[in-house]
2 protein chains.
Amino acid sequence: MLNNLDLLDQTFHALADPVRRQMLERLTDGPASVSELAKPLPMSLPAVMQHLAVLEESGLVTTKKVGRVRTCQIEPDALGRAEDWINERRTLWSQRLDRLGDFLAENETGGQQ
Amino acid sequence: MLNNLDLLDQTFHALADPVRRQMLERLTDGPASVSELAKPLPMSLPAVMQHLAVLEESGLVTTKKVGRVRTCQIEPDALGRAEDWINERRTLWSQRLDRLGDFLAENETGGQQ
DNA sequence: TAAATTGTTAAGCATATGCTTAACTATCAT
DNA sequence: ATGATAGTTAAGCATATGCTTAACAATTTA
């Protein structure tokens with residue numbers, strides 16, 4: 001539980017917007033320029049740049065400018081942070097439900113209220 | 001890609017706040033009342049209720065009121081939605097990186113720029 | 001060099017978020 | 001019935017988000 005938490009905040013926040021998820025899905029097919037990312041989106045270029053900034057701050061995407069073109073690509077490790085938190089919770093939650101199931105089974109002799 | 005997406009938005013948004021994650025972590029240990037959830041949090045009860053509302057809307061938490069006490073519990077399946085999206089992306093992303101690695105290896109004969 | 005392409009910055013604006021306090025309701029205990 | 005407990009609702013407020021349009025800058029390309 002480090003300052004790591006702020007990055008988790010930013011990662012989940014970045015993922016919470018369908019436009020940003022769409023951008024990530026596009027980048028799954030390979031690197032893209034800002035304009036390419038913007039093309040399918042129903043908004044101005046500056047708006048796309050702002051979404052891109054959120055993705056960069058979260059670490060989910062990195063970019064590099066060459067000439068006048070900025071190329072964007074995904075950063076798989078960043079997604080790992082969110083994945084780890086969720087997987088850990090899921091494990092604990094299902095364990096808890098299992099124990100609850102056992103408890104209910106053990107007390108099934110009488111009757112359910 | 002159904003209306004499912006709105007729920008994904010809500011789920012990731014719910015997870016993007018450290019207070020809400022803390023509430024979820026508390027609920028991992030078992031059901032709790034609203035007051036119990038609020039006790040460790042440095043904010044008013046109404047503020048906690050608002051966070052709870054976000055968690056409920058996302059489906060991550062369900063509640064039930066008995067007498068004057070509202071009991072809250074986690075809903076593992078809801079977390080599965082976020083987990084699935086992330087896991088799918090991670091798989092695709094690492095496949096892409098593998099292909100990229102292969103490509104780089106194949107062209108390693110000459111030299112890297 | 002002039003024009004087109006690609007991206008960036010700044011300002012403004014409407015709405016959403018995350019809190020607060022105050023007032024209120026419902027239930028339980030005495 | 002009185003008071004304490006648990007939760008709820010409403011209003012207000014500061015800040016953050018998600019866009020927009022209007023300049024502006026840096027590269028190509030012609």
Side-chain angles (χ1 to χ4, degrees), chain A residues 3 5-27 30-74 82 113, chain B residues 5-27 30-74 82:
Chain A
N3 192 350
L5 284 190
D6 296 318
L7 256 184
L8 246 195
D9 292 354
Q10 289 184 287
T11 303
F12 280 128
H13 173 243
L15 294 174
D17 188 290
V19 169
R20 290 192 286 266
R21 286 202 306 277
Q22 189 175 338
M23 291 169 72
L24 288 175
E25 284 168 11
R26 165 61 188 81
L27 291 176
S33 70
V34 176
S35 309
E36 284 167 352
L37 280 182
K39 199 164 299 175
L41 299 174
M43 64 186 66
S44 66
L45 239 207
V48 173
M49 303 249 340
Q50 286 166 41
H51 282 297
L52 182 58
V54 172
L55 289 168
E56 279 201 78
E57 282 156 25
S58 73
L60 285 166
V61 166
T62 56
T63 74
K64 185 180 164 193
K65 193 166 180 178
V66 174
R68 62 183 168 181
V69 175
R70 178 174 300 278
T71 301
C72 313
Q73 56 177 288
I74 45 174
Q113 53 129 309
Chain B
L5 284 190
D6 297 318
L7 256 184
L8 246 196
D9 292 355
Q10 289 184 286
T11 303
F12 280 128
H13 173 243
L15 293 174
D17 188 290
V19 169
R20 289 192 286 266
R21 287 202 305 277
Q22 187 176 339
M23 289 169 73
L24 288 175
E25 287 169 8
R26 163 62 187 82
L27 291 176
S33 70
V34 176
S35 310
E36 283 166 353
L37 280 181
K39 199 164 298 175
L41 299 174
M43 64 186 66
S44 66
L45 238 206
V48 172
M49 302 252 338
Q50 287 167 38
H51 282 297
L52 183 57
V54 172
L55 289 168
E56 279 200 77
E57 281 156 26
S58 73
L60 285 166
V61 166
T62 55
T63 73
K64 186 181 163 193
K65 193 165 181 179
V66 174
R68 60 183 168 179
V69 175
R70 178 173 299 279
T71 301
C72 312
Q73 53 177 295
I74 46 175

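Naming: A, B, ... by sequence-line order, numbering from 1 per chain.
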From CE of Met43(A) across to P of dC19(D) the rounded distance in Å is 4 Å
So OG of Ser33(B) and NZ of Lys65(B): to nearest 0.5 Å the spacing works out to 11.5 Å
OG1 (Thr63(A)) and CE (Met49(A)) are apart, to the nearest 0.5 Å, by 8.5 Å
Rounded to whole Å, the CZ-P distance (Arg70(A) to dT8(C)) equals 4 Å
Per atom distances to the Ala47(A) side chain, the nearest of dC19(D), dG18(C), dT21(C) is dC19(D)
Are OP1 or OP2 of dC19(D) and a side-chain N or O of His51(A) less than 4.0 angstrom apart?
yes
In this structure, CG of Leu45(A) is separated from CD of Gln50(A) (nearest 0.5 Å) by 11.0 Å
Here the gap from Gln73(B) atom CD to Leu27(B) atom CG, rounded to the nearest 0.5 Å, amounts to 8.5 Å
**Item:** dC19(C) phosphate, OP1 or OP2, under 4.0 Å from Ser44(B) side-chain N/O
**Value:** no
- Can Glu56(A) and Thr62(A) be counted as having a side-chain donor-acceptor contact under 3.5 angstrom? no
When rounded to whole Å, the CG to P distance for the pair Leu45(B) and dT25(C) reads 18 Å
note: Leu52(A), atom CG; dT17(D), atom C1'; distance rounded to Å ~ 16 Å
Between the CG atom in Leu60(B) and the CE atom in Met23(B), the distance rounded to the nearest 0.5 Å is 11.0 Å
Here the distance between atom P of dG18(D) and atom CE of Met23(A), to the nearest Å, is 12 Å
Under a 4.0 Å heavy-atom cutoff, the residues of residues 53-69 of chain A touching DNA chain D are Gly67(A), Arg68(A)
Lys39(B) NZ to dT5(D) P, in whole Å, measures 12 Å
Which of dG18(C), dT9(C), dC19(D) is nearest the side chain of Arg20(B)? It is dG18(C)
Between CG of Asp9(B) and C1' of dT17(C) the distance, given in whole Å, is 16 Å
Paired with Ser58(A), the side-chain contact (heavy atoms from CB on, under 4.5 Å) test is passed by just one of Leu15(A), Leu8(A), Thr11(A), namely Thr11(A)
Atom CE of Met49(B) and atom C1' of dG18(C) are separated, to the nearest Å, by 15 Å
